[in-house]
Number of protein chains: 2
Amino acid sequence: METARSAERQRTAAESRRRELLEAADRVVLRDGPQASMNAIAAEAGITKPILYRHFGDKGGLYRALAKRHTDALLIALRAALDAPADRRERVESTLDTYLAAIEARPQVYRFLMHPSDNADAAPSPEQGFDVGRHSAPLLRRLGEELGQVIAERVDLGPDSEQMARIWGHGIVGMMHAAGDWWLGDRPCSRERLVSSLADLLWGRLAEAGDRQGGPGF
Amino acid sequence: METARSAERQRTAAESRRRELLEAADRVVLRDGPQASMNAIAAEAGITKPILYRHFGDKGGLYRALAKRHTDALLIALRAALDAPADRRERVESTLDTYLAAIEARPQVYRFLMHPSDNADAAPSPEQGFDVGRHSAPLLRRLGEELGQVIAERVDLGPDSEQMARIWGHGIVGMMHAAGDWWLGDRPCSRERLVSSLADLLWGRLAEAGDRQGGPGF
DNA sequence: ACCAAGTGTTACTTGCGGTAACCACAGTCT
DNA sequence: AGACTGTGGTTACCGCAAGTAACACTTGGT
C-alpha cells in the first residue's frame, strides 16, 4: 500500500486549499471590513461554511491565520528598515515610514489586523470572570515585543536595560500606531512630516522645548 | 394648563431613568465584559429590551453613552494631573501615572472603552465601501486631541507648532495606551518604574543612549 | 368621563456563528 | 467485481443576539 505517499499528497493538497481559502477570505475582508461573515467568505471561495470550519475551527481561527500572514509580511518589511546600514535616527525614521506606508497602502488590512473582535480565549473560566488584560490586537503585541528585543540587543540602557527596552518597544509601537491611525483618518499632513515629528518626539524635543508665553508650560 | 411644568418633570424623570439604565449597563459590562447582551443589561435594570432601544436607539448608542461617562471622568482626572503646579517632567509623570492607575483599578471598564466593536457608522455608504480610517476607540482619539491641544497651548515648538502638537498628542497617548495595555497583562514591573521609563523615553534617552558592543546600534 | 402620551410587555423577524447528518466519489482490501 | 473507508462537499438545522411591531397599563390635562 502507498499510504505514506498518498497521505503526503493529500496533506499538501489540503495546505494549498487552505491557502486558497485564506486568499478568498482576504479579498472579502478587504471588501467588507473585519465584520465579514463566514457565509460571505465561503461564497467568495466558491464553497460553503462547514468547509471553512473544518479548516480553521472557528472564526477566530480563520482570523488568526489571516492575521498571521499579514503580520509576518509587515514584520519582514519592518525588520529590513530596522536593519538598514544607517545611523539610529535614520533607521527610526525609516521604520516609522515603512509602517505608515503599509497602513496607508492597505487601510482595510490594517484595520482588520488591529481589530480585537473575538479574542478567542480558550479559557471559559467561569470563576470570577475577571480575566483582565489581553485586550490589544495581537499585531501590536508582536510588534512591541519585537521592537523591545531589537532595542535590548542594540542599545545600552544601563542596569535593567532589558526591561526598559521592552517598555520602550511597546511604547514606541503604540505611539506609531495611534498617530498613524489618527493621521490615516484626518490626513492633516504629509507622511514625511508625520515621520519627522514623531522622531523629534522620540529625540527629546518635548523636554527641550521652551514654555509658551505666561504660566509654566506643560 | 400645566403642560410646560409636567413636560419638564417628565423630561427630568426620563433623564434620571437614563442614568439608572446606564448604571445598570455599567454593572453588567463590568461583570460580563464588552460583549454583554442587551437582554442581560435590560434584565439587570429590571426591564426589557425595547425600553433600552427607546432610550438609546441601538447598541452603539448605549455604548457611546456609557463610554462618554467614563471618558469624561478619566479626562477630568487627567486634566487635574496635567494642571498641577509642578515642572514639566513631574506633570508628565503624574499624568501617565493617573492613566495607569485608572486602568489598573478598573481593567474591565478600560477594556470596554478601548473596544472598537461596533463602530456604528451612520453611513452605510454602499459606494466603493472604502470608508478607510476611523478604527480606533473614541477614547484614544479624544485623549490624543485633548493632549495635543494642551501641548499646543503651553509648549513653544516653533513654526507649525500647532500641527506638531497634535501629532505629539496622539503619539504620546498611543504610547501610554499600548504600554499600559501590555503592562496590565504581564505585570513585568511596578507602576512607578513603568511611568519613569516612559517619561525617560519622552525625554530623549533613546537618542542619548550609547550603542551596545559591536555593530552600529539601533 | 375621556383623550394623549409615556412606560412597559410579549412575541416576532432577521442574520450570524456553529454543527449534525447526510451525500458522492476516490482508492483500497478481499 | 463488490463491500469498506475516508475525504471534500452539501443541506438543513440550532441557539442566540440585535432590533422591531403591536399590543396593554398607568397618569395627568381637558
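In what follows, every chain begins at residue 1, and chains take the letters A, B, ... in the order their sequences are listed.
B:Arg18 has its CZ atom 17 Å from the C1' atom of C:dG6, to the nearest Å. Rounded to whole angstrom, the span from the CG atom of B:Asn39 across to the P atom of C:dA11 amounts to 14 Å. Taking atom OH on A:Tyr63 and atom P on C:dG17, their separation rounds to 7 Å, with Å as the unit. Atom-to-atom, CZ of A:Phe56 to P of C:dT19 comes out at 15 Å; the value is rounded to the nearest Å. In this structure, A:Asp58 atom CG and C:dG17 atom P are separated by 11 Å, rounded to whole Å. The nearest whole Å value for the distance from the CD1 atom in B:Ile41 to the P atom in D:dG19 is 11 Å.
In this structure, of D:dG9, D:dA17, C:dG18, it is C:dG18 that holds the atom nearest to the side chain of A:Lys59.
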Next item on the list: Take A:Asp83 and A:Arg91, measure what salt bridge (charged side-chain N to carboxylate O under 4.0 Å, His left out) needs, and give me the verdict at the end.
Entry: CA-CA 8 Å; A:Asp83 285 339; A:Arg91 268 185 291 174; 5.6 Å; no
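By the 6.0 Å and 45° rule, B:Arg191 does not stack over the aromatic ring of B:Trp183.
Within a heavy-atom distance below 4.0 Å of DNA chain C, the residues of residues 43-55 of chain B found are B:Ile47, B:Thr48, B:Pro50, B:Ile51, B:Arg54.
A donor-acceptor pair is defined here as one N or O able to donate and one able to accept, closer than 3.5 Å; such a pair exists between the side chain of A:Gln163 and the backbone of B:Pro188. Distance alone, capped at 3.5 Å, is enough to place a donor-acceptor pair between the A:Asp58 side chain and the A:Gly61 backbone. Between the side chain of B:Trp168 and the main chain of A:Ser197, a donor-acceptor pair closer than 3.5 Å is present.
Rounded to 10 degrees, the angle separating the terminal axes of the helix from C:dA1-D:dT30 to C:dT30-D:dA1 is 30°, with each axis obtained from five end pairs.
Outside the 6.0 Å centre-distance limit, the rings of A:Tyr63 and A:Phe56 are not counted as a close aromatic pair.
With salt bridges taken as basic N to acidic carboxylate O contacts below 4.0 Å, none links A:Arg141 and A:Glu146. A salt bridge is absent between A:Glu145 and A:Arg142; no separation between the charged side-chain nitrogens and carboxylate oxygens falls under 4.0 Å.
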